[in-house]
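Convention: sequence-line order gives letters A, B, ...; per-chain numbering from 1.
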Amino acid sequence: MTTSSTESPDARTPSNFLRDLIAEDVRTKKYGNAVIQTRFPPEPNGYLHIGHAKAIFLDFGLADEFGGKTNLRFDDTNPEKEETEYVESIQKDVRWLGFDWEKLCYASDYFGQLYEWALQLIKAGKAYVDDLAAEEIRQYRGTLTEPGKDSPYRNRSVEENFDLFVRMKNGEFPDGSRVLRAKIDMASPNLNMRDPVMYRILHASHHRTGDAWCIYPMYDYAHGQSDSIENVTHSMCTLEFADHQPIYRWYIEQLGIFPSQQIEFDRLNLTYTLLSKRRLLQLVQEGHVRGWDDPRMPTLSGIRRRGFTPEAIRAFIASVGATRTNGIIDIEMLEHFQRDDLNRRAARAMAVLRPLKVVIDNYPEGKEEFVEVANNPEDPEAGTRQVPFSREIYIEQDDFREVPPPKYYRLSPGKEVRLRNAYFITAQSMVKDAAGSVIEVHCTYDPASHGGNSPDGRKVKSTMHWVSATHAISAEIRLYDKLFVMPDPSDVPEGGSYLDNLNPNSIEIVTDAKLEPSLANAKIEDRFQFERVGYFCVDPDSAPGKLVFNRTLPLKDTWAKIEKKAAS
RNA sequence: UGGGCGAUCGUUCAAUGGUAGGACAGUGCCCUUUGGAGGCACUUAUCUAGGUUCGAAUCCUAGUCGCCCAGCCA
């Protein structure tokens with residue numbers, strides 16, 4: 001793996017049962033001197049999301065810790081759902097997260113071998129061709145509490161099974177007319193062991209093998225053997241596959257091949273977030289979002305566009321660990337790790353989202369000067385830059401109140417505040433429009449406070465960001481909020497849909513924000529902290545002279561909290 | 001009500017028979033040229049009942065609660 005070692009120093013990886021188990025296998029030489037081998041096995045039927053980041057982190061990270069290797073293997077056994085678009089996006093996303101694979105593999109690479117093994121099982125009397133219809137197979141399977149019953153085709157001769165299966169493969173039968181089944185135990189308490197289907201007939205074109213095959217292996221028949229072929233020692237997957245472990249082992253034992261072992265861990269769940277490929281696909285197809293990479297989506301491509309960093313995601317995943325309990329992690333935990341990362345690394349800039357004009361009456365008309373501003377107070381090595389200042393500036397509408405509420409430290413009539421890195425100013429008067437809204441504030445400044453400190457040592461309560469009106473550049477800024485209003489998006493009253501929980505205000509577009517001129521050179525994907533506002537990154541929709549920013553996250557806002565408390 | 005898996009602060013992860021600890025969230029204070037960041041402090045947890053043991057979150061038994069499984073999806 002090729003992580004860029006920028007992990008936060010305090011992001012200790014806590015112990016977890018997976019690491020303990022691998023360590024024990026290494027200690028006891030369960031696989032002799034063979035290297036630890038894992039795999040990340042997505043089905044290319046959609047875009048990767050933050051939940052996959054956990055599997056990726058575990059598959060690649062754990063192997064790496066033990067000096068092992070990891071393959072990226074596409075589990076492409078169902079041609080009806082899989083597309084090349086997805087195999088490309090998946091590779092891009094894994095790399096973006098900071099991992100690289102030993103081998104790039106496909107389950108479809110093994111179709112030939114899997115077919116030979118099926119023939120072998122038939123000859124051994126361990127598999128048979130069943131002519132029952134899908135619906136009949138379901139009925140014969142029994143229920144959770146009642147055993148199933150044998151198919152009338154279960155005792156066909158080896159010769160007949162062999163002949164029928166070869167003809168299935170040769171395309172002599174229509175879709176759904178027959179399947180190949182493993183002969184195990186129709187009375188097993190584990191439904192997966194009641195003669196599971198190994199192959200189905202599908203006259204469908206596969207994204208890689210084209211029309212070479214018209215029978216395709218089922219997941220259970222393909223997965224363990226694919227692991228075995230790749231000498232995978234530890235095959236990690238999510239908890240819902242725990243019931244499949246007996247069948248995973250059965251095929252490997254019957255075939256006498258490399259004994260890969262399956263280990264299950266819990267899926268990642270986040271509050272206010274949907275992590276179901278099916279539903280994510282629906283959001284895209286029905287236009288509830290602008291695409292797979294919409295910055296509100298939990299897909300890796302979405303959060304990347306939103307401005308999240310692989311470093312933060314890795315630190316987050318490391319902190320949540322892996323267990324076998326199913327919980328829901330507070331989305332604020334992810335946001336914390338993202339702010340933590342960006343706070344250390346993001347260049348600062350001043351941007352006014354909702355401008356209010358301030359005229360400094362005693363500042364010479366036509367004069368301009370430059371003030372020196374730190375690019376990142378957290379990182380002196382980031383250096384400084386010169387920001388233009390003039391008689392007319394913009395401040396945030398929120399930073400002025402004609403009638404200040406209690407504990408409001410910002411600008412109000414008669415109050416003195418600091419313009420960051422510039423001067424102290426005091427509000428003197430206002431200009432209002434016909435509706436009575438303040439549209440302009442007139443101030444005076446203290447020339448002695450250049451740089452933001454008064455030589456007499458007097459203090460001000462508030463420091464505010466600003467942009468020189470004559471130098472400002474305009475930009476579009478997209479503000480995002482949670483996509484869903486409920487902590488559990490599926491939490492709906494009887495007959496409702498998770499779509500009812502969509503947040504109608506998940507995106508707000510500010511069309512004419514005022515930015516300091518240095519931002520004119522910002523490039524796509526550049527990340528900034530707009531001081532006192534939040535973290536932002538340049539969206540690919542930007543064009544020369546027309547910048548578009550996405551708000552990754554707002555800064556924590558103590559004042560908003562005070563205001564909210566006062567209101568309640 | 002068959003089988004599998006699980007249960008520790010509000011949330012999440014640790015403690016691997018020996019002081020229940022960290023992170024997030026919350027609250028208060030300090031500090032601050034970002035009401036950001038940082039620092040300090042505080043609050044809150046071993047599902048229940050038995051048992052083994054000098055000693056149990058950890059081992060055993062029973063119960064309770066939760067999740068998963070009846071695709072020719074993965």
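- The phosphate of B:C73 has OP1 or OP2 within less than 4.0 Å of a side-chain N or O from A:R200.
- A salt bridge is absent between A:K564 and A:D557: the closest approach of a Lys/Arg side-chain nitrogen to an acidic carboxylate oxygen does not fall below 4.0 angstrom.
- Ring geometry, A:F530 versus A:F536: the interplanar angle falls under 30°, so the pair is classed parallel (tilted spans 30 to 60°).
- Counted by atom type alone, A:D195 and A:Y128 present one or more donor-acceptor pairs between their side chains at under 3.5 Å.
- A:R208 forms a cation-pi arrangement with A:Y106, by the criterion of a distance under 6.0 Å to the ring centre and an angle within 45° of the ring axis.
- Here A:E516 pairs with A:R385 in a salt bridge; the nearest charged N to carboxylate O distance falls below 4.0 Å.
- Residue A:T77 places no side-chain N or O under 4.0 Å from the OP1 or OP2 atom of B:C73.
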Write out a two-atom table: protein N or O, nucleotide N or O from nucleotides 5-9 of chain B, distance below 3.5 Å.
unit_1	atom_1	unit_2	atom_2	d
B:C5	O3'	A:R324	NE	3.3

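- A sub-4.0 Å separation between OP1 or OP2 of B:C72 and a side-chain N or O of A:R178 is absent.
- Across all strands shown, A:A133 has heavy atoms under 4.0 Å from base atoms, whether or not it also approaches the sugar-phosphate.
- Across all strands, A:P147 comes closer than 4.0 Å to no nucleic acid atom at all (heavy-atom distances).
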Task: Dot-bracket encoding of pairs in RNA chain B, which uses [ ] for pseudoknotted crossings and | for another strand, Watson-Crick or G-U under 3.5 angstrom - done: .((((((..((((....[..)))).(((((.......)))))....(((((..]....))))))))))).....

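- Taking 3.5 Å as the limit, the base of B:G35 and the side chain of A:R410 contain a donor-acceptor pair of atoms between them.
- With hydrogens and angles ignored, no donor-acceptor pair under 3.5 angstrom links the side chain of A:E264 to the base of B:G4.
- Phosphate proximity of B:G38 to A:R344: absent, as no side-chain N or O sits under 4.0 Å from OP1 or OP2.
- Within 90° of 0 lies the glycosidic angle of B:G71, which makes this nucleotide syn.
- Remark: the A:N190 side chain and the B:G2 base include no donor-acceptor N/O pair separated by less than 3.5 Å.
- Nucleic acid contact for A:N343: base, since at least one base atom lies under 4.0 Å from a heavy atom of the residue.
- Ion pairing between a basic and an acidic side chain is recognised when a charged N comes within 4.0 Å of a carboxylate O; A:R73 and A:D109 show no such pairing.
- No option in A:W213, A:Y216, A:Y221, A:F111 other than A:Y221 meets the ring-ring contact (aromatic ring centres under 6.0 Å, His included) test with A:Y199.
- Ring geometry for A:Y47 versus A:Y86: interplanar angle over 60°, hence perpendicular rather than tilted (30 to 60°).
- Ion pairing of A:E531 with A:R420 is present here, as a side-chain N (NZ or NE/NH1/NH2) and a carboxylate O approach within less than 4.0 Å.
- The CD atom of A:E82 sits 5.5 Å away from the CG atom of A:D76 when rounded to the nearest 0.5 Å.
- A salt bridge links A:R458 with A:E416; the closest basic N to acidic carboxylate O contact falls under 4.0 Å.
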Task: Per-nucleotide protein contact string for nucleotides 25-30 of chain B, where B marks a base within reach and S marks sugar-phosphate only (heavy atoms under 4.0 Å, - for neither) - done: SSSS--

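- OP1 or OP2 of B:C13 has at least one side-chain nitrogen or oxygen of A:T323 nearer than 4.0 Å.
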